[in-house]
Amino acid sequence: MTPLPKGRPTFCSVDLAALRWNFRQVRKKVGRHVKILSVVKANAYGHGACEAAKILTASGSDGFGVATLEEGIELRKGKIKSPVIILAGAYPEQLDQLLLNRLTPVICELAGLRRLEALARRRGISLNFHLKVDTGMGRIGFLASQIDSWLPQLAKLKALKLEGVFSHFSDAEDVGGSYTQRQLEIFCRVVQRLRSAGYPPALIHLANSAAVITFPSAHFNMVRPGLMLYGVYPSPEMVDEVALKPVLSWKTRILQLKRLSKGSSISYGQTFVTRRESLIATLPVGYADGYPRLLSNRGVVLVRGKRAPIVGRVCMDLTMVDVTDIRGVRQGDEVILLGKQGRDTISADEMALWAETISYEILTSISARVPRIYHS
Ligand SMILES: *Cc1c(COP(=O)(O)O)cnc(C)c1O
């Protein structure tokens with residue numbers, strides 16, 4: 001267990017046993033023969049990329065997906081040796097770093113394919129890549145509908161080797177949705193075409209967490225779960241399909257307690273005025289920590305197992321909560337921003353609802369200022 005931070009008591013507690021557990025649930029869903037590319041982009045959704053990757057490697061993860069080259073390098077520095085795919089695109093300027101760190105680029109368009117091929121040839125090296133196909137996400141990737149224009153270009157490759165082909169769902173949370181089904185069909189046709197043209201990709205992958213849980217026909221021979229590894233459900237409808245355990249809790253302690261008379265205003269802009277004599281606790285956390293400002297006069301924290309509402313605006317470094325109705329509150333009491341205390345829990349989904357966003361954004365927004373403490 002990493003020791004608690006000295007001083008400012010705002011930190012995230014990361015439960016590595018829960019991470020291991022969630023990985024095992026992925027394994028159960030996909031079976032032994034499907035590879036698992038654990039997605040650890042954005043600092044493993046805020047959990048700490050290297051720490052998460054170590055645990056996942058030991059649990060049997062076959063590789064890692066990150067968004068950027070820099071994230072890939074971080075994993076290499078953290079002594080992660082398994083394959084790492086740069087999912088959100090690699091740039092020709094990064095070729096040296098790609099090679100040096102044995103990272104696998106994703107190629108999304110012909111110009112990129114040609115440039116990387118030319119560079120690799122000039123160096124006299126060969127490089128594996130994954131081909132991204134756009135089957136309806138409208139983001140990066142070769143358009144499936146234009147396969148006749150790009151497929152013949154693969155014949156010209158000498159230095160680049162097609163290792164994998166993949167696509168990404170736009171709406172896999174919509175269980176059984178027809179759009180997801182259509183994307184799958186389009187993807188299958190692309191894979192067929194690649195095979196019959198003589199480029200059978202070794203790795204074929206499409207499933208994010210939602211599809212890992214509810215869409216076995218999209219598993220192929222590799223899956224790319226992110227969110228579910230961290231114990232968060234892609235959709236509330238999936239809670240009966242798999243038992244996940246939240247990995248991250250966000251905690252702090254009461255910095256100051258004060259009794260304010262009726263009619264006192266709290267925080268910037270006087271958006272909250274006490275309607276009674278109130279006991280107000282100031283917490284050492286704010287939007288610079290990634291605590292959403294939209295939680296102003298809206299969010300809730302747990303103190304002594306009870307819910308205390310945020311009053312006034314969330315500031316950059318401090319936030320006030322009303323603890324008038326909670327008995328025995330003391331300065332220094334533990335406060336749960338995200339996670340479980342007593343019998344109550346604040347989930348990333350609940351916080352996301354208050355902040356008009358999704359769990360992904362809540363987790364990835366917790367800033368570098370907040371220390372992550374690991375325990376198993
Ligand atoms: C983020 C991402 C994933 C993981 O998605 P989850 O919904 O978190 O499981 C998979 N594939 C790609 C290309 C991604 O960008």
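All ligand and atom numbering here is 1-based and tracks the order in the structure. Keep in mind the model is a prediction, meaning the values are calculated, not measured. Position 1 is the first residue of the sequence, and the numbers go up from there.
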Original post:
Counting heavy atoms only, which part of Arg139 comes closer than 4.0 Å to ligand 1: side chain, backbone, both or neither?
Top reply: side chain

Original post:
Between Gln94 and Tyr91, is there a donor-acceptor pair closer than 3.5 Å when you use the side chain of the first and the backbone of the second?
Top reply: yes

Subject >> Closest protein heavy atom to atom 8 (O) of ligand 1, given as residue, atom name and distance to 0.1 Å >> reply: Tyr45 OH, 2.5 Å

Subject >> Nearest-neighbour protein heavy atom for atom 9 (O) of ligand 1, which is reported as residue plus atom name and distance >> reply: Ser209 OG, 2.5 Å

Original post:
Okay, side chain of Ser209, backbone of Gly226: is any donor-acceptor separation there less than 3.5 Å?
Top reply: yes

**OP:** Tell me whether Met137 is reachable from Phe142 by hopping between hydrophobic residues (I, L, V, M, F, W, Y) whose side-chain heavy atoms are closer than 4.5 Å.
**Re:** no

**OP:** Look at atom OH of Tyr179 and say whether more than 12 heavy atoms of other residues, nucleotides or ligands are closer to it than 6.0 Å.
**Re:** yes

Original post:
Would one find an N or O of Pro225, backbone or side chain, under 3.5 Å from an N or O of ligand 1?
Top reply: no

**OP:** With heavy atoms only and a cut-off of under 4.0 Å, state how Arg224 meets ligand 1: side chain, backbone, both or neither.
**Re:** both

**OP:** Among Gln341, Arg304, Arg253, find the residue that satisfies the side chain to side chain donor-acceptor pair (under 3.5 Å) test when tested with Glu334.
**Re:** Gln341

**OP:** List every atom of ligand 1 that sits less than 4.0 Å from any heavy atom of Lys41, numbering the atoms from 1 in the order shown and giving each element.
**Re:** 1 (C), 2 (C), 3 (C), 14 (C), 15 (O)

Subject >> Min N/O separation Tyr360 to ligand 1 under 3.5 Å >> reply: yes

**OP:** Run the numbers for me: atoms of ligand 1, each under 4.0 Å from some heavy atom of Leu227, listed by number.
**Re:** 6 (P), 8 (O), 9 (O)

Subject >> Side-chain donor/acceptor of Thr10 to backbone N/O of Thr252, under 3.5 Å >> reply: no

